[in-house]
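Accompanying notes for the structure given below.
First listed ligand is number 1; within each ligand, the first listed atom is number 1. Only this structure's heavy atoms are used, side chains among them; waters, hydrogens and symmetry mates stay out.
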Amino acid sequence: MQLPPWPYPKTIAHRGAGKLAPENTLAAIRLGVSFGYRACEFDVKLSQDNVLLLMHDTDLDRTSNGKGAVAAHPWTLLSQLDAGAWHSAAYAGEVIPTFENVVRYCNANEVAMNVEIKPSPGRGRETGTAVALACAAWCANSNTPPLLSSFSTGALLAAKDAAPQLPRAHLFQDPLLADWLEKCKLVGAVALDANWKSLSEAVVKLAHDNGLRVACYTCNEIADAEKLWTWGVDSVITDAVDRIAFRV
Ligand code: G3P
Ligand code: CA
């Protein structure tokens with residue numbers, strides 16, 4: 001079966017630059033680019049007042065000096081938080097970026113985006129819709145469309161409804177459950193996006209035989225990445241931007 005277009009490199013920087021800089025900040029994305037990476041993955045969710053921003057966790061506590069749920073706070077408050085000091089003194093004062101500012105940076109620097117829709121609990125559909133509409137508006141002239149991914153089937157269905165032309169990948173945890181192919185088909189995914197430990201050569205072949213590309217996270221050893229590429233994995237998402245050289 002013919003595979004869909006895959007304009008993404010073989011390596012994608014996880015949360016900007018993995019653990020080398022505060023995750024999901026512009027500083028992290030810039031650091032990944034300084035290591036030669038031309039594609040990055042990051043996590044997007046909504047503030048209480050519907051501003052799209054980058055953060056992995058439901059709560060602010062781990063990666064900022066804020067407390068409680070991201071979705072319980074308006075952007076005016078979130079924009080004042082320090083999202084760098086938790087990582088190291090060198091990044092103190094780094095802010096939570098808006099998704100819009102990250103898209104501007106990536107578009108201006110030709111950095112391909114893997115936008116993980118990471119909804120706060122109960123906000124799957126609205127986050128999927130908001131991310132897809134934003135991407136459609138801000139990336140209409142981009143050479144490489146943003147790849148929208150999510151563990152949330154509902155968020156991906158909403159993204160499909162809002163901007164069906166944007167490529168989608170369905171994320172899955174380890175172990176990969178039996179319904180992965182059905183879910184990928186349901187959301188019209190171009191790719192299976194699996195935990196690398198849950199992949200095998202047979203799963204990669206089954207995905208490809210069903211017209212799906214294969215991406216995986218978060219592979220941080222070059223020997224493992226080489227094995228995955230030998231199996232035909234299309235993109236490996238990695239924290240190790242300093243040890244795994246960018247590969248087209
Ligand atoms: O998008 C791949 C990967 O980032 C998914 O897991 O928990 O790091 O967001 P997580
Ligand atoms: Ca992620």
Is a salt bridge present between Arg247 and Glu226, judged by a nitrogen-to-oxygen distance below 4.0 Å? yes
Practice problem: Consider every N or O of Arg15 and every N or O of ligand 1, then say whether any pair is closer than 3.5 Å. | Solution: yes
Quiz item: Does the ring-ring contact (aromatic ring centres under 6.0 Å, His included) test come out yes or no for Phe99 and Trp138, once each step is laid out?
Solution: CA-CA 10 Å; Phe99 180 42; Trp138 301 333; 5.7 Å; yes
Angle subtended at the Ca ion (ligand 2) by Asp43 OD1 and Glu41 OE2, to the nearest 10 degrees, is 110°
Practice problem: Check for a donor-acceptor pair, side chain of Arg213 on one end and backbone N or O of Pro4 on the other, with a separation under 3.5 Å. | Solution: yes
Restricting Glu116 to its N/O/S atoms, the closest one to the Ca ion (ligand 2) is OE1
Ligand 1 to Glu41, heavy atom cutoff 4.0 Å, flagged ligand atoms 1 (O), 2 (C), 3 (C), 4 (O)
### Trp6 and Tyr8 aromatic ring geometry - parallel, tilted or perpendicular at 30°/60° bounds
perpendicular
With a 4.5 Å cut-off on side-chain heavy atoms, are Leu157 and Arg125 touching?
yes
Here the atoms of ligand 1 under 4.0 Å from any heavy atom belonging to Leu171 are 1 (O), 2 (C)
For Phe151, the ligand 1 atoms with a heavy-atom partner under 4.0 Å come out as 5 (C), 6 (O)
Assess whether a salt bridge exists between Arg15 and Glu116, defined as any Lys/Arg side-chain N lying under 4.0 Å from an Asp/Glu carboxylate O.
no
query = Strictly by modelled atom types, are Asn114 and Ser149 linked by a side-chain donor-acceptor pair under 3.5 Å?
reply = yes
shortest atom 7 (O) of ligand 1-to-protein heavy-atom contact is with His56 NE2, 2.8 Å
Within 4.0 Å of some non-hydrogen atom of Glu116, the atoms of ligand 1 are 1 (O), 3 (C), 4 (O), 5 (C), 9 (O)
Next item on the list: Say whether His14, considering both its backbone and side-chain N or O atoms, lies within less than 3.5 Å of an N or O atom on ligand 1.
Entry: yes
If you measure every N or O of Asp193 against every N or O of ligand 1, does any of those distances drop under 3.5 Å?
no
Charged N-O contact under 4.0 Å between Glu182 and Lys185: no
_Using heavy atoms and a 4.0 Å limit, tell me yes or no: is Asp43 in contact with ligand 1?_
yes
Of all protein heavy atoms, the one nearest atom 9 (O) of ligand 1 is Lys118 NZ, 2.7 Å
